[in-house]
Number of protein chains: 2
Amino acid sequence: MSEDTTPEAAPKFRRRKEARPDEILDAALDLFVEKGFDRTRVEEIATRAGVSKGAVYLYFSSKDAVIEALVDRAVGVIVGEVVDQIGGFKGDPREILRQIAPLFMARMSDPRVLAVPKLVIREAPTHPKLATMYRERVIGRALPALVALFRQGMEGGYIREVDPDMAVRCVLGPFLMHVLLADVFDIWPDSDRPKDLRIPDLIDTHLTLLFAGLEPLSTDPHTEKEPQNG
Amino acid sequence: MSEDTTPEAAPKFRRRKEARPDEILDAALDLFVEKGFDRTRVEEIATRAGVSKGAVYLYFSSKDAVIEALVDRAVGVIVGEVVDQIGGFKGDPREILRQIAPLFMARMSDPRVLAVPKLVIREAPTHPKLATMYRERVIGRALPALVALFRQGMEGGYIREVDPDMAVRCVLGPFLMHVLLADVFDIWPDSDRPKDLRIPDLIDTHLTLLFAGLEPLSTDPHTEKEPQNG
DNA sequence: TTTAACTAAATGACTGGTCAGTTAGTTAAA
DNA sequence: TTTAACTAACTGACCAGTCATTTAGTTAAA
């Protein structure tokens, strides 16, 4: 109703060169995940970011450049220390898996973190660059580290002799399945609360099954210690 | 240069009312999986199906109707007997899982079968109908059957007491992960041959780990029989 | 301290191409 | 000859990317 008494009205825009790119990428991520790349108009991204369409093109050369910058920004910070930690570990892989699983799922429970791999999976066929970036920077580093972890665990006799490539898929797969069922098909585990992923229960069940499965056979070196049940 | 000597030339088109819809859906499935729904032009579908663009609209009311008919056609034949078989089973769930796993993966190794869930996952956010159809006709029937299988297995003391909702995700997840890595990120297990999924090795590793993990604790009823190792 | 000249951030109308869906006309088949 | 399957040209909406113009903020002379 009442205009401010000060003579000068609020300015039409502010000049904020530093903040714009991140704000545009944030807006784009939301929209891409919600509606997909092709159905998101550049003008929508601009509006949500609080700028005009033209401004988007001041910071990004094309719509494609936006999604690439988006993934680039996200994958820069994910791996690194964790991979090194896993890669250097000597001993029973179950120890480190028990530590990492909750941290991993905590990260993936943040919608803005999970959004990026979801986006990459969805747009990969039409944007191979995204898949390549994600492979080179994230999966291609994490996966070999886990394989190496299993290899040394088997050599040390801490765990059963299995194909490490396949074992890694058995470690990660249940998490993927859990998220996919909920996210794509709206299928959630039984719970009192709605939309409750029950991550701790998933981790508990998964690691219980997996760790018992990884228990070395009685002919293997380290079997003297009692099996860890329940 | 030289026209055929026969007086009547080859006809410009044939009238094939019965065959058209399936041919159009086949063409559409290929293109949707390859390039995604939005980037596939109706004219491309028509050309690949050997008809004109207008002909597509004789059989389908819109482009959306094409993808819906596609999924509808595919999910009609998938489940049924298998689900009933699992649902009625009494005994150690591992028996029936051992039987089903290779059949399941054999089906999923057919690119035209795998194409449908891939498509549904990708297009679900913009076409909720697809996700609903797939949930009601496939996942929503298979998943509860597996949960029931686990429940009765635990009640009978054949397997360890775990959360059945979560256990189901642990059973299916590794397959999903395996296919996703190869398909989206072009990451394949070590092999002499290129693009070799090594399905039997995945099944072997997965079931080895899982079945040992499912082994009931020594306080449970059926534990008298010797554990089945490697 | 004021203000005029200047820089560059930001706008928004416009364009050219693309494509879903329509329709008038053509042709195979009964 | 009739009919309906089919084609091909057409239309109108939509949207990525451009650019002439406007405006916020900065600098320096008075």
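The chains referred to below are lettered A, B, ... by the order of the sequence lines, with proteins before strands, and numbering in each begins at 1.
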Rounded off to whole Å, could you give me the [atom1]-to-[atom2] distance for the [X] and [N] pair?
X: A/Arg14; N: C/dA10; atom1: CZ; atom2: P; result: 12 Å
X: A/Arg20; N: C/dA8; atom1: CZ; atom2: P; result: 17 Å
X: A/Arg16; N: C/dA10; atom1: CZ; atom2: P; result: 8 Å

- Task: Sorted by first residue and then second, give each ring pair (Phe, Tyr, Trp, His ring centres under 6.0 Å) pair with at least one member in residues 101-126 of chain A; sequence neighbours left out.
- Result: A/Phe104-A/Phe175
Any residue in [range] with a heavy atom nearer than 4.0 angstrom to DNA chain D? Just list them by number, or reply none.
range: residues 22-36 of chain A; value: none
range: residues 58-69 of chain A; value: A/Ser62, A/Lys63
range: residues 123-131 of chain B; value: none

Who are the side chain to side chain donor-acceptor pair (under 3.5 Å) partners of [X], not counting sequence neighbours?
X: A/Lys118; value: A/Asp183
X: B/Lys195; value: B/Asp186
X: A/Glu43; value: none

- Task: Determine the minimum heavy-atom distance between A/Val83 and A/Ala145, stating which atoms define it.
- Result: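 So the minimum-distance heavy-atom pair works out to CG1-CB, 3.8 Å.
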- Query: Residues in side-chain contact (heavy atoms from CB on, under 4.5 Å) with B/Arg98, at least two apart?
  - Reply: B/Leu207, B/Phe211
- Message: Taking the side chain as everything from C-beta on, heavy atoms only, tell me whether A/Arg122 gets closer than 4.5 Å to A/Phe37.
- Response: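 Side chain of A/Arg122 against side chain of A/Phe37, heavy atoms only: no contact under 4.5 Å found.
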- Side-chain heavy-atom pair B/Arg20, B/Val51 within 4.5 angstrom cut-off: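 B/Arg20 reaches B/Val51 side chain to side chain.
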- Can B/Arg48 and B/Asp26 be counted as an ion pair, charged N to O under 4.0 angstrom?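 The answer is no: the pair does not qualify as a salt bridge.
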- Query: Is the shortest side-chain N to carboxylate O distance from A/Arg137 to A/Asp72 below 4.0 Å?
  - Reply: yes
- Task: Go through DNA chain D in 5' to 3' direction and return only the first and the last nucleotide with some atom under 4.0 Å of chain B's heavy atoms.
- Result: D/dT3 to D/dA8
- Message: Donor-acceptor pair, distance only, cut-off 3.5 Å: does the side chain of B/Arg169 make one with the backbone of A/His178?
- Response: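 The answer is no, because no donor-acceptor pair under 3.5 Å joins these two groups.
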- Task: With A/Ile24 as reference, evaluate A/Leu70, A/Ile45, A/Leu58 under the side-chain contact (heavy atoms from CB on, under 4.5 Å) test and give the passing residue.
- Result: A/Ile45
- Query: DNA chain C: stems of at least 3 consecutive Watson-Crick or G-U pairs, cut-off 3.5 Å?
  - Reply: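 Result, WC/G-U stems under 3.5 Å: C:1-30 with D:1-30.
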- Message: I need the residues from residues 39-50 of chain A with at least one non-hydrogen atom less than 4.0 Å from DNA chain C; give them sorted by number, or say none.
- Response: none
Check residues 124-131 of chain B and write down every donor-acceptor pair under 3.5 Å in which the side-chain atom is one partner and the other belongs to a residue at least two apart or another chain.
residue	atom	partner	partner atom	Å
B/Thr126	OG1	B/Glu123	O	3.3
B/His127	NE2	B/Asp64	OD1	3.0

- Query: Is a donor-acceptor pair below 3.5 Å formed from side chain A/Lys17 to base C/dA8, judging by atom type as modelled?
  - Reply: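 Absent.
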